[in-house]
Number of protein chains: 2
Amino acid sequence: MSVNQENSLSSADAIARALRAEIWQGILKSGQPLRQDELAGRFGVSKIPLREALFQLKAEGLVAFYPNRGAVVAELSPDEVEEIYFMRIALEDAALRRAIPKLTVADLLRGEQILADLDQEQNIGRWSDLNWEFHATLYAPAKMPRLMEWIKTLHNNIGRYLITYLAGMDYQRASQAEHRQILEACRRGDIQAASGHLQTHLRLASEQLVAFLSQRR
Amino acid sequence: MSVNQENSLSSADAIARALRAEIWQGILKSGQPLRQDELAGRFGVSKIPLREALFQLKAEGLVAFYPNRGAVVAELSPDEVEEIYFMRIALEDAALRRAIPKLTVADLLRGEQILADLDQEQNIGRWSDLNWEFHATLYAPAKMPRLMEWIKTLHNNIGRYLITYLAGMDYQRASQAEHRQILEACRRGDIQAASGHLQTHLRLASEQLVAFLSQRR
DNA sequence: TCTCCTGAAATCGTATACATTATTGGGATT
DNA sequence: AATCCCAATAATGTATACGATTTCAGGAGA
C-alpha cells in the first residue's frame, strides 16, 4: 500500500516479494501457518525483517495475524471475494473513466498487443500477469499512482484464487471477448460503453469465482 | 488495512494507535522525522514493536520510509489530496448506493442525531470524529467491512489536513447543509440524489482543500 | 467420557551488539 | 572565499540470545 519506497531492497521487502510470489503461485496455501523461525531460517535472516515482511503482507491482505498464534496465509470467504470485486468495480471503473480521454494511440496499440499475447499464452501464471498488464495499460493514463497501487492490491488478493479456478475452466475465452469489447469502446472514446463492458467483465468473473468457491466449501 | 485482528492489543498496535493520534492532531507534523530510538524510549519499548508500528502506519499512508534514513510523517501534495478524494468518491459512492436500500429507521435517526451533535460541536477534533461517524452510519448497512476499512484509511489520510484547514474557515456550515441533503435523499430512498449530493459534498471539500494547500505552498 | 493439568512449542518482546549507510562539519586545496 | 574531500558521528537495519506469555495437545485422574 506504500507509494514511495523508491528502489528500496531491504531484507523485509525482498522477503515480502518472495512470500507474495509463493502465496500467489499456491506454494503456500490458504490457511497455512507461517512459522517465523522456519521462514527466517529458510531465507537466512533473523526474525526482525521476516516479521516486517509479514506485516507488509498483512497490510496487503495476503496474510492474517492471530495474536500470540502467529500468521497464516489469508483465506477469503465467498463473501469477501464478492466484496473485493465490488471494490475493484468501483475503483477500476473510476480509473478507466478518467483514463479514456487521455488514452494515446500507443496505449491502444499496447493493449491490442497484450490481448494478442494473451491469446497465445498457455501458462496460467503468465496469463494472469498479462491480464493485469492489460488492465493497467488502460488505467495508467489516469496518472493516479495510489489508485493503481490499491487496484493492484485488490487484484493480487483475488489472483491466487482466480488461478486455481482458471485451471479447470475455459474462462479465458470469455474474458478475452470482454477485453476486446472494452478496448474497442476505449478506441471510440465511448466512456459509457467501456465502463459498462468493464463492469460486466468484473461482475461475471466475480459471480463465477464466488460460485466456484461456494461449491468447493 | 487489516480486517481480522480481533481485539489484539499488541505493543505494536498500541504504539501505532498513539502515533496515529499524534499525527492526526498535528503534534507530529508532516515531514517530521520519526527517530526510532527516541520513540522507543518515549513509549518504553524496544525497537521491534516500534518498527512494526511504523510499518503499520506506512501501510495506512501516514508514514513514509526512506531507505536507511528512517521514517517521516507522510506529506501529501495537492495532487495526492485530489487523488485521495477521487478514490473516496469512487468507494463511498459505491458504499452508499449499496447501503441505501438497507438503511433502517434507526440508522436514519442515528444520522440525524449525529448531525445535531455536529451543529453543537466546537472542538475540531471531535467535530471530525463525528463527521466520520455520520458517513460511517450511512455506509455501514452495506455490510462490507473491508470497504469500510479502506474508506476510513482514506479519511484518516486527509483528516489531519482538513483539521488545520477547518480551523480558519467556516467550512462546517456548508458541510452540514450538504450532510442534510444527503440524509434527506437517503430517507426518501433516492439513490441518485443521495449519490449526487455525496459526490458534490466530497468534490467541494476536495477543491477547497486543494486550493488551500496550493496557496500555502 | 469428561475435566483438569502439565509441558512442549511458538509467539511476543527485551536487551545488546554490530555492520552499513547518511550526514555533517572541519580542514585542505584551489 | 568557495569548493571538495574525508573522517567523525548518528541513525538505521539486522543478528543473536534470552525471558515471558500464550496456545495447544495429550495424558492423568475422577
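To find a chain, count down the sequence lines: A is the first, B the second, and so on, and within it residues start at 1. Owing to the predicted nature of the structure, the values given are computational and were not obtained by experimental measurement.
Summarising the geometry, the separation between CD on Glu38(B) and P on dA11(D) is reported as 9 Å, rounded to the nearest angstrom. What separates CG of Leu39(A) from P of dT11(C) is a distance of 9 Å, to the nearest Å. Taking atom CD of Glu52(B) as the reference point, atom P of dT14(D) lies 13 Å away to the nearest angstrom. Counting to the nearest Å, the C1' atom of dC12(C) and the CZ atom of Phe55(A) are 10 Å from each other. In this structure, Tyr66(B) places its OH atom 24 Å from P of dA10(D), rounding to the nearest Å. We find that CZ of Phe43(B) is positioned 16 Å from C1' of dG13(C), with the value rounded to whole Å. Between the P atom of dA10(C) and the CG atom of Leu50(A) lies a distance of 14 Å, rounded to the nearest Å.
Applying the 6.0 Å contact sphere to NZ of Lys102(A) captures more than 12 heavy atoms from other residues, nucleotides or ligands.
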Determine all donor-acceptor pairs shorter than 3.5 Å in which one atom belongs to a side chain in residues 32-42 of chain B; sequence neighbours excluded.
from     : atom 1 : to       : atom 2 : distance (Å)
Gln32(B) : OE1    : Lys29(B) : N      : 3.1
Arg42(B) : NH1    : Glu22(B) : OE2    : 3.2
Arg42(B) : NH2    : Glu22(B) : OE1    : 3.1

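The closest side-chain donor-acceptor pair between Thr104(B) and Asp107(B) falls under 3.5 angstrom. Remark: the Asp13(A) side chain and the Gln56(A) side chain contain an N/O donor-acceptor pair separated by less than 3.5 Å.
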Which atoms of nucleotides 22-25 of chain C (N or O only) lie under 3.5 Å from a protein N or O atom, and what are those distances?
from    : atom 1 : to       : atom 2 : distance (Å)
dT23(C) : OP1    : Arg69(B) : NH1    : 3.1

Check the interface with nucleotides 14-17 of chain C: list each N/O to N/O pair with the protein under 3.5 Å, or write none.
from    : atom 1 : to       : atom 2 : distance (Å)
dT14(C) : OP2    : Ser46(B) : N      : 3.0
dT14(C) : OP2    : Ser46(B) : OG     : 2.8

Test side-chain hydrogen bond (donor to acceptor under 3.5 Å, both in side chains) applied to Thr153(B) and Asn156(B), step by step: CA-CA 5 Å; Thr153(B) 295; Asn156(B) 280 343; 5.7 Å; no
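Residue Gln36(A) places at least one side-chain N or O closer than 4.0 Å to OP1 or OP2 of dC12(C). Taking only side-chain nitrogens and oxygens, Arg35(B) never comes nearer than 4.0 Å to OP1 or OP2 of dT12(D).
Remark: Arg51(B) pairs with Glu52(A) by the salt bridge (Lys or Arg N to Asp or Glu O under 4.0 Å) rule, at least two apart or across chains.
Ile151(A) is not listed as a side-chain neighbour of Leu154(A), based on a closest heavy-atom distance of 4.5 Å or more.
Applying the ring pair (Phe, Tyr, Trp, His ring centres under 6.0 Å) test to pairs two or more places apart or on separate chains, those with a residue in residues 90-148 of chain B are Trp132(B)-His155(B), Phe134(B)-His179(B), His135(B)-Tyr139(B), His135(B)-His179(B), His135(B)-His201(B). Sorted by first and then second residue, the ring pair (Phe, Tyr, Trp, His ring centres under 6.0 Å) pairs with a member in residues 35-59 of chain B read Phe55(B)-Phe65(B); sequence neighbours excluded.
Residue-level contact check: Leu34(B) touches the backbone only, with heavy atoms under 4.0 Å from sugar-phosphate atoms and none from bases.
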